[in-house]
Amino acid sequence: MLNLIRWFSLAAIAILMLAGGAVAQAPTGELSALARLEPARSSMQVTETGLTLTLGISQPVPWRARLLDNPPRLVVDFREVDWRGIEGVRREGVADLRAGIFRPGWSRLVAELRRPMVIERAGMSTDGATTVEVALRPASAQEFSSKASVPEPPGWTLPKPAAISGGNPSDDGRFVVVLDPGHGGIDPGAETEGLKEAELVLTFARELKDLLMRDGSIEVFMTREEDAFVPLETRITVSRAAAADVFISLHADALAEGEAVGATVYTLSDEASDAAAQALAERHDRADLLAGVDLSEQDDMVARVLMDMARTETAPRADKLADALVTSINAAGLRMHRHPHQTAGFSVLKSPDTPSVLLELGFMSSEKDLERLQDTEWRSKMAAAVRDGLVAWARDDAARRGLK
Ligand SMILES: [Zn+2]
């Protein structure tokens, strides 16, 4: 017999705490050790009434389950679960099943649903082995969205931005570059031939950071140093905290359509310069949605007029930066896209006062680009080209602004 600690008949959100108390409370005693997924006891299965997610874990931990929309998905958050082996878990009836670190101390499993479904029941049993079960049943779009739109409970807020000590004011003679390796953790980005965009761009970012630091006059911060999920908003916050002179987001996406080949530099626009650029922007923003972070409220908190004023000055500087990068990458003889400078509505470029660009190093969907991305020599040439472009731009920009 299953000894069910709690079975919830759920309206929208279940917060199941073994120890009780607030969601963000640290577990105590033996609960603090890292729990592991037991893949052999885990599955997502189609049942007579819908879908059932079963997760075997090595020990009880605080957890919760909820629904999120756009696209419809079930999100299950756990304290400190090691998800190794999740790729091998049987998965039926879902578009995707993934898991990873969501923020320090918390990990998240996301099941992307093929149709609107709601939580019928959810519980954890600890009879011999610890098992979490979440049963879903089909629902109307209306019922789903009303349940998915329930706000997060108090105490379950955005993670603190990565702490950066001694933020420095702009125009103090130091040139601060923030590198933003795209994706990470629960969001691997593009995937092909067993390679992940998140890993490829992190490798490049580390190499570029080393090269820039060697210059001596450039200070470099990264929005992530490891394979962890970082919400878009936090990436911008890191940039602000570092008093960045320049923000460069690094990607290597896959595009399903067309023959996208070569490096491309993107700057922010409301309207994307082409459909592929728009698709990319949507995919990047969707990664945040997948992990459950909603940026829309953050926008409201900022005075839009002030942002627009700042952007009026920043946008032409970002354009010049993009052009300088295109020039230096071309000069290095590296392959560029036939439209090397494009615009798109990437949220990560929305910092109002920091010239920001997104550099697609190449496309993982192109065999040749994929080869180049894995080639150490190519990467070092690309890193040198980016440095040259940055240095040239910084000199011109300072002159234009009358700083030097
Ligand atoms: Zn990407």
Side-chain angles (χ1 to χ4, degrees), residues 71 96 98 100 110 112 178-208 222-236 238-239 247-269 272-291 293 295 322 325 329 335-337 339-351 356-370 372-374 379 382-383 386:
D96 195 13
R98 61 174 89 194
V110 179
E112 222 181 297
V178 169
L179 299 177
D180 172 47
H183 311 279
I186 197 171
D187 164 29
E191 287 177 287
T192 181
E193 295 172 26
L195 297 163
K196 291 177 183 164
E197 179 186 357
E199 281 171 20
L200 289 177
V201 296
L202 181 58
T203 301
F204 179 79
R206 286 183 180 137
E207 292 168 359
L208 177 58
M222 308 236 291
T223 55
R224 68 178 178 96
E225 304 264 4
E226 55 190 15
D227 186 22
F229 176 78
V230 182
L232 294 175
E233 188 250 351
T234 305
R235 294 173 193 259
I236 295 174
V238 167
S239 171
F247 177 88
I248 304 179
S249 193
L250 297 162
H251 287 260
D253 284 272
L255 279 182
E257 290 149 39
E259 25 36 288
V261 180
T264 319
V265 186
Y266 289 89
T267 47
L268 179 69
S269 78
S273 51
D274 70 23
Q278 188 52 39
L280 275 182
E282 278 163 14
R283 186 168 339 140
H284 286 150
D285 287 3
R286 213 174 71 118
D288 250 19
L289 289 172
L290 282 173
V293 181
L295 286 179
L325 290 172
I329 294 170
R335 178 68 192 257
M336 293 217 80
H337 191 270
H339 302 299
H341 178 182
Q342 297 195 41
T343 61
F346 294 116
S347 291
V348 78
L349 301 180
K350 282 184 178 166
S351 175
S356 305
V357 296
L358 186 146
L359 173 59
E360 290 279 358
L361 295 161
F363 292 92
M364 286 180 71
S365 42
S366 150
E367 233 171 83
K368 292 210 164 140
D369 278 357
L370 192 56
R372 289 189 269 260
L373 287 161
Q374 296 173 82
R379 287 200 308 269
M382 178 57 94
V386 172

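Numbering of ligands and ligand atoms starts at 1, following listing order. Start at 1 with the first residue, then count along the sequence.
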According to side-chain hydrogen bond (donor to acceptor under 3.5 Å, both in side chains), who are the partners of [X], at least two apart in sequence or on a separate chain?
{"X": "Arg224", "value": "none"}
{"X": "Thr267", "value": "Asp319, His341"}
{"X": "Glu207", "value": "Arg379"}

Sort by chain and number the protein N/O/S atoms that are closer than 2.8 Å to the Zn ion (ligand 1), and list them. His183 NE2, Glu197 OE2, His251 ND1, Asp253 OD1, Asp253 OD2, His284 NE2
Could you check if a side-chain atom of Thr223 sits within less than 4.5 angstrom of a side-chain atom of Pro181, using non-hydrogen atoms only? yes
Work out which heavy atom in Leu255 is nearest to a heavy atom in Ala260; give both atom names and the distance. CD1-CB, 3.6 Å
Taking atom types as modelled, find out whether His183 and Glu197 have a side-chain donor-acceptor pair closer than 3.5 angstrom. yes
